[in-house]
Amino acid sequence: MATTTLMRDSIVGDEWIRQTVSAVPIQPCYDDKGQPTGDYLTGPVRLAFASLFTLPAANAMNQNPKFRSMLLFPPPSIVNFQPLYDEYYKVAAAKFADRYQNGQYYGIRSPFRDQGEKMKYGGFTPGSTFLTCTSKFKPPVVDARYNPIVDESKVYPGVWAICAVNGYSYHDQRNQGIAFGLQSVMIIGDDNTLGGGPADPKQTFNKVQNVAAPIVRPENLARNMPTGQPPAPGGAPAVPQQHWAPPVPGLPQPPVQPSDDYDFLR
C-alpha cells in the first residue's frame, strides 16, 4: 500500500499526489480560441462536505442554500497558489478598493483557510489550504473521460477531483469578501472515505494509564445484576472479576493488578 505523508487519512501515496499536482497545476482555463474563460483549474483536491447532486434544504441558518463542496488542497510546499491569489486580488481591487491599506485588504473575508480549522474531521491537514466553493446551479460532474457521473456514491468525502472555479465578491448583511464559485467537477481518483465527528479515542485518552479494574464483592454483583441475566451457577458473577476478601488487620495489602480487559488504556 502506498504511503501518504502529505495529507491525512489518505492511501494514494505521496508520489501520485506530487505527479498529479505537477501534471495539472492551478491554472487559468481557456476556450477553443485560446481566450481565458475566467475560470481556474484547481489541480488535484479532495472533496469534503460535498452537495453536488441535490440542493440542500433551506433552514434558519441558511435561507439561500447552494450546491457546494469544500476543496482540500495538498500542502503549499508542492502547490503554487499564485494564480488563485492573483484572481483574489483582481476581484478585491475591483470591488473593495477602499479597503486597501499598507499593502493588504482589511475588513473582508478571505476564501483561503487553513485545514487545521477542521482538524476534528478526517482528511483535513494542518498547514494546507481549503476553499469552500458554491454554485446556484447544479455543477456538471464528470469522470476522467468526460462521462457524466449520475451515481452519487462515486462522489464521497475524500474522493479526488479537479474542479473549475472562479472568483467573485459578495456583500450581505453579515459579511463581505471574496469567494470562489464552483463551475464544474471532474472525479479523478479514489481514496479513503473521510469521516467526521468525535476525535480518535486513542488520542483523547492517551494520558489514561495504569487504570485498575474495580474490586467488586460477588454478593453485591449478584444482587445488582439486571433482571433477565441470571448469575452463573454457584452465585459467581457472569463476567470475570477480581474476588474481594476482607483485609487482614496488620498485614500489608497487595497492589491491585490491571485487568487484561483494560490493555487498550495503556
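The chain is numbered in sequence order, starting from 1. Not measured: the values here are computed from a predicted model.
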Minimum heavy-atom separation for Leu72 to Ala48, with atom names? CD1-CB, 3.8 Å

Looking at Arg68, is its backbone amide N or carbonyl O close enough to the side chain of Ser51 to form a donor-acceptor pair, meaning the two atoms are under 3.5 Å apart? no

Note, Val141 side chain near Ser184 side chain (heavy atom, < 4.5 Å): no

To the closest 0.5 Å, what do you measure between CZ (Phe81) and OG1 (Thr129)? 4.0 Å

Rounded distance (nearest 0.5 Å) linking atom OG1 of Thr132 with atom NZ of Lys118: 7.0 Å

If we count only N and O atoms by modelled type, under 3.5 Å, do the side chains of Asn59 and Gln63 hold a donor and an acceptor together? no

Assess whether side-chain contact (heavy atoms from CB on, under 4.5 Å) is satisfied between Leu194 and Tyr156, documenting all intermediate values. CA-CA 8 Å; Leu194 303 181; Tyr156 55 86; over 6 Å; no

Where do Phe96 and Tyr105 land on the ring-ring contact (aromatic ring centres under 6.0 Å, His included) test, with the steps shown first? CA-CA 8 Å; Phe96 300 109; Tyr105 290 91; 7.7 Å; no

Show the nearest heavy-atom pair for residues Ile108 and Tyr88, with the distance to one decimal. CD1-OH, 3.7 Å

Measure from the side-chain N and O atoms of Thr42 to the backbone N and O of Cys163, and report whether any donor-acceptor pair falls under 3.5 Å. yes

Hey, does Ser128 have a side-chain heavy atom less than 4.5 Å from the side chain of Met7? no

Remaining members of hydrophobic cluster (4.5 Å side-chain criterion), Tyr106: none

Before you tell me yes or no, could you show the steps for Phe130 and Phe124 under ring-ring contact (aromatic ring centres under 6.0 Å, His included), namely the whole-Å CA-CA distance, both residues' side-chain angles and the distance that decides it to 0.1 Å? CA-CA 8 Å; Phe130 79 94; Phe124 285 78; 5.7 Å; yes

Distance from Met119 atom CE to Asp114 atom CG, nearest 0.5 Å? 10.0 Å

Side chains of Asn166 and Tyr40, heavy atoms from C-beta outward: is any pair under 4.5 Å? no

Between the CD1 atom in Ile178 and the OH atom in Tyr89, the distance rounded to the nearest 0.5 Å is 11.0 Å

CG-CD1 distance between Asp14 and Ile78, expressed to the nearest 0.5 angstrom: 7.5 Å

Treating Ile, Leu, Val, Met, Phe, Trp and Tyr as nodes and any side-chain heavy-atom pair under 4.5 angstrom as an edge, say whether Leu131 and Val24 lie in one connected cluster. yes

Is any side-chain heavy atom of Val12 closer than 4.5 Å to a side-chain heavy atom of Ile17? yes

Could you give the distance from OG (Ser22) to CG (Asn80), rounded to the nearest 0.5 Å? 11.5 Å

Shortest non-hydrogen contact from Phe137 to Ser135? O-OG, 2.6 Å

Is there a side-chain contact between Asp190 and Val159 in this structure, where contact means two heavy atoms from C-beta onward sitting under 4.5 Å apart? yes

Distance-minimising heavy-atom pair for Gly38 and Glu87: O-OE2, 4.4 Å

Residues Ile188 and Pro44: closest non-hydrogen pair is CD1-CB, 4.2 Å

Heavy-atom side-chain contact between Leu52 and Pro139 under 4.5 Å: yes

Can you give me the closest heavy-atom contact between Val79 and Pro74, atom names plus distance? CG2-O, 3.7 Å

Side-chain touch Leu47/Val155, heavy atoms, less than 4.5 angstrom: yes

Can you establish whether the number of heavy atoms outside Phe53 located under 6.0 Å from its atom CZ is more than 12? yes

Counting N and O atoms only, with roles assigned by atom type, does the side chain of Thr4 sit under 3.5 Å from a partner on the main chain of Leu6, one being a donor and the other an acceptor? no

Would Phe67 and Thr134 satisfy side-chain contact (heavy atoms from CB on, under 4.5 Å), going step by step from the backbone distance to the final call? CA-CA 5 Å; Phe67 297 95; Thr134 63; over 6 Å; no

pair Met186-Tyr146: side-chain heavy atoms closer than 4.5 Å: yes

Is it the case that Tyr170 and Gln176 place a side-chain donor and acceptor less than 3.5 Å from each other? no

Do any pairs count as a salt bridge (charged side-chain N to carboxylate O under 4.0 Å, His left out) and have a residue in residues 29-52, sequence neighbours left out, and if so which ones? Arg46-Asp191

ring-ring contact (aromatic ring centres under 6.0 Å, His included) evaluation trace for Tyr121 with Phe49: CA-CA 10 Å; Tyr121 301 110; Phe49 300 100; 5.0 Å; yes

Would you sort out whether Tyr168 and Phe180 count as a ring-ring contact (aromatic ring centres under 6.0 Å, His included), showing the intermediate values? CA-CA 6 Å; Tyr168 68 94; Phe180 282 90; 8.2 Å; no

Between Glu117 and Gln115 (side chain of the first, backbone of the second, donor and acceptor by atom type, cut-off under 3.5 Å), is there such a pair? no

Donor-acceptor contact present, side-chain Thr20 to main-chain Arg18, <3.5 Å: no

